[in-house]
Number of protein chains: 2
Amino acid sequence: MRKILTNTKTKNQFKDFLLTQGLKSTRQREIILDEFLRAGSHLSTEDLYLRLRKGNPHIGYATVHRTLKLFAECGIAEQRHFGDGQARYEASDCDEHHDHLICVVCGKIVEFEDPRIEELQLEVAGAHGFTIERHRLELYGCCLECRQV
Amino acid sequence: MRKILTNTKTKNQFKDFLLTQGLKSTRQREIILDEFLRAGSHLSTEDLYLRLRKGNPHIGYATVHRTLKLFAECGIAEQRHFGDGQARYEASDCDEHHDHLICVVCGKIVEFEDPRIEELQLEVAGAHGFTIERHRLELYGCCLECRQV
DNA sequence: CGTCTAATTGAAAATGGATTTCAATTTAAA
DNA sequence: TTTAAATTGAAATCCATTTTCAATTAGACG
Ligand SMILES: [Mn+2]
Ligand SMILES: [Mn+2]
Ligand SMILES: [Zn+2]
Ligand SMILES: [Zn+2]
């Protein structure tokens, strides 16, 4: 129920974006958004493209790529880079920000949020005369499961 | 004086690395290391290649690329990615770690270190069952100079 | 409804940094 | 020296991303 409401909100946000930008609502864009919301987070373009192909073999890679960029542009998705050379996308949880723990053994990605770190970042930036627009914090290590084998 | 001593230490570290790995000390590797230490930090392969070309037009891009990777492998340099799609390298300051503030307007990169943040990172990772191997913290914003125009 | 124009699509090509190939050269051990 | 292995550099390849372009489609307007 919560998820469905969120998805509806996200879909509306995308529709509004298309309208205000003079862009068109297409079957492909709807299908891609549906699958993007259904799939888990942190997918690469390739990931999403392959998932889509199963039910929609006609959708091209370029369209998936362009649509993901539209999602990011309109704020319903965020692009991430975890150092494996390919961009990943995840749905934006409204205005909530989070950072990532990445297991270098199994690839698992855990999200976290720590207001104390965020606060210190602001302080450090201020001390150097910077205003922060965005940041990126990734902790690479080994997860519990991978240490137990 | 300080710099010269540090450079000597770095060069020795590289020489030792080559020896222990059964690799060879070559004229190109010496020239590339000299120029790498002379040039400022956060250079891309292209940056270093272009600098080298001025005095050593015979050195190839592939050699610069391979040599920078060797530097990173032996611990005298670290590879960084600041989101512009190309790898950058900087000399390792012994075992001191630092993070980066990046001005999105002029591209300036400021280094900082905050033990409180590092400590909190460990705490957060521990709370999720992770041990940290390395991390990456980049603050993107606007520097003082760029805000004053 | 059609008509029309601009946006969209998808296959293929282009891009660009990173990496590899390979024949010629160089290092350094024997 | 001689010799085997490592290195070099130009060119080729890789691979994710981005662009091109002709065909198709959305949707505004009458
Ligand atoms: Mn996430
Ligand atoms: Mn640095
Ligand atoms: Zn793991
Ligand atoms: Zn600036």
Side-chain angles (χ1 to χ4, degrees), chain A residues 11 14-36 42-74 77-89, chain B residues 14-36 42-74 77-89 107:
Chain A
K11 289 181 185 179
F14 186 52
K15 277 225 172 94
D16 287 349
F17 172 79
L18 293 178
L19 266 180
T20 62
Q21 301 290 309
L23 304 179
K24 290 173 177 173
S25 183
T26 67
R27 200 162 62 82
Q28 285 91 333
R29 286 176 178 164
E30 285 191 28
I31 293 172
I32 293 171
L33 180 50
D34 273 340
E35 189 61 32
F36 175 66
H42 314 121
L43 307 96
S44 65
T45 307
E46 178 85 11
D47 289 339
L48 189 56
Y49 170 65
L50 291 179
R51 285 185 63 118
L52 282 160
R53 267 228 307 222
K54 291 175 188 162
N56 305 86
H58 55 90
I59 294 186
Y61 183 93
T63 302
V64 177
H65 169 262
R66 287 184 286 230
T67 304
L68 281 171
K69 288 201 2 179
L70 278 184
F71 292 170
E73 203 183 327
C74 103
E78 284 179 55
Q79 197 187 52
R80 304 276 189 188
H81 287 91
F82 295 129
D84 64 346
Q86 61 186 344
R88 293 177 180 283
Y89 292 85
Chain B
F14 186 52
K15 276 223 172 96
D16 287 349
F17 172 79
L18 293 179
L19 265 180
T20 62
Q21 301 291 308
L23 304 180
K24 291 173 176 172
S25 184
T26 67
R27 199 163 62 81
Q28 285 90 335
R29 286 177 177 164
E30 286 191 28
I31 292 171
I32 294 172
L33 179 49
D34 273 341
E35 188 62 32
F36 175 65
H42 313 121
L43 306 96
S44 65
T45 306
E46 178 84 11
D47 289 340
L48 188 56
Y49 170 65
L50 290 179
R51 284 184 65 118
L52 283 161
R53 266 230 306 224
K54 291 175 187 164
N56 305 85
H58 55 92
I59 295 186
Y61 182 93
T63 302
V64 177
H65 169 264
R66 286 184 286 230
T67 305
L68 280 171
K69 289 201 3 178
L70 278 184
F71 292 170
E73 203 182 327
C74 103
E78 284 180 54
Q79 196 186 55
R80 304 277 189 186
H81 286 92
F82 295 130
D84 64 346
Q86 62 186 345
R88 294 178 179 281
Y89 292 84

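Scanning atom types as modelled, one donor and one acceptor separated by under 3.5 angstrom connect the side chain of B:R66 and the base of C:dT21. For D:dA26, its base sits under 3.5 Å from the side chain of A:K24 at one donor and acceptor pair at least.
Note on A:S44: nothing from the nucleic acid sits closer than 4.0 angstrom, heavy atoms only. Within the nucleic acid shown, A:R29 comes within 4.0 Å of sugar-phosphate atoms alone, with no base atom in reach, counting heavy atoms only.
Between B:Q28 and D:dT7, a side-chain N or O to OP1/OP2 separation shorter than 4.0 Å is absent. For B:T26, a side-chain nitrogen or oxygen approaches OP1 or OP2 of D:dT8 to under 4.0 Å. For the OP1/OP2 pair of C:dA18 and a distance below 4.0 Å, the side-chain nitrogens and oxygens of B:Y61 include at least one atom meeting the criterion. Taking only side-chain nitrogens and oxygens, A:H65 comes nearer than 4.0 Å to OP1 or OP2 of D:dT18.
The listed nucleotides are C:dT19, C:dG10, D:dG9; the one nearest the side chain of B:T63 is D:dG9.
Between the side chain of A:R29 and the main chain of A:K24, a donor-acceptor pair closer than 3.5 Å is present.
By the salt bridge (charged side-chain N to carboxylate O under 4.0 Å, His left out) test, B:E78 pairs with B:R80, sequence neighbours left out. Looking at residues two or more places apart in sequence or on another chain, you find no salt bridge (charged side-chain N to carboxylate O under 4.0 Å, His left out) involving A:D16.
The CG-C1' distance, from B:D47 to C:dG17, rounds to 13 Å in whole Å. A straight line from CG of B:L19 to P of C:dA28 spans 9 Å, rounded to a whole angstrom. For B:L70 and C:dT19, the CG to P distance is 13 Å, given to the nearest whole Å. With rounding to whole Å, B:F17 atom CZ is found 14 Å from D:dA6 atom P. In this entry the distance linking OH of B:Y49 with P of C:dG17 reads 13 Å, nearest Å. For the pair A:L23 CG and D:dA28 C1', the interatomic distance rounds to 15 Å; values are reported in whole Å. In this structure, the CD atom of A:Q86 is 16 Å from the C1' atom of D:dT18, given to the nearest Å. When the P atom of D:dA16 is taken as reference, atom NE2 of A:H81 falls 12 Å away, rounded to whole Å.
Sequence order on DNA chain D of the closest nucleotides to B:A62 and B:S25 puts B:S25 first from the 5' end. Residues B:R27 and B:G85 each lie close to DNA chain C; by heavy-atom proximity, the contact nearer the 5' end of the strand is made by B:G85.
Residues B:H58 and B:R27 are in side-chain contact: their nearest non-hydrogen atoms beyond the backbone lie under 4.5 Å apart.
Not less than 6.0 angstrom separates the ring centroid of A:Y89 from the ring centroid of A:F36.
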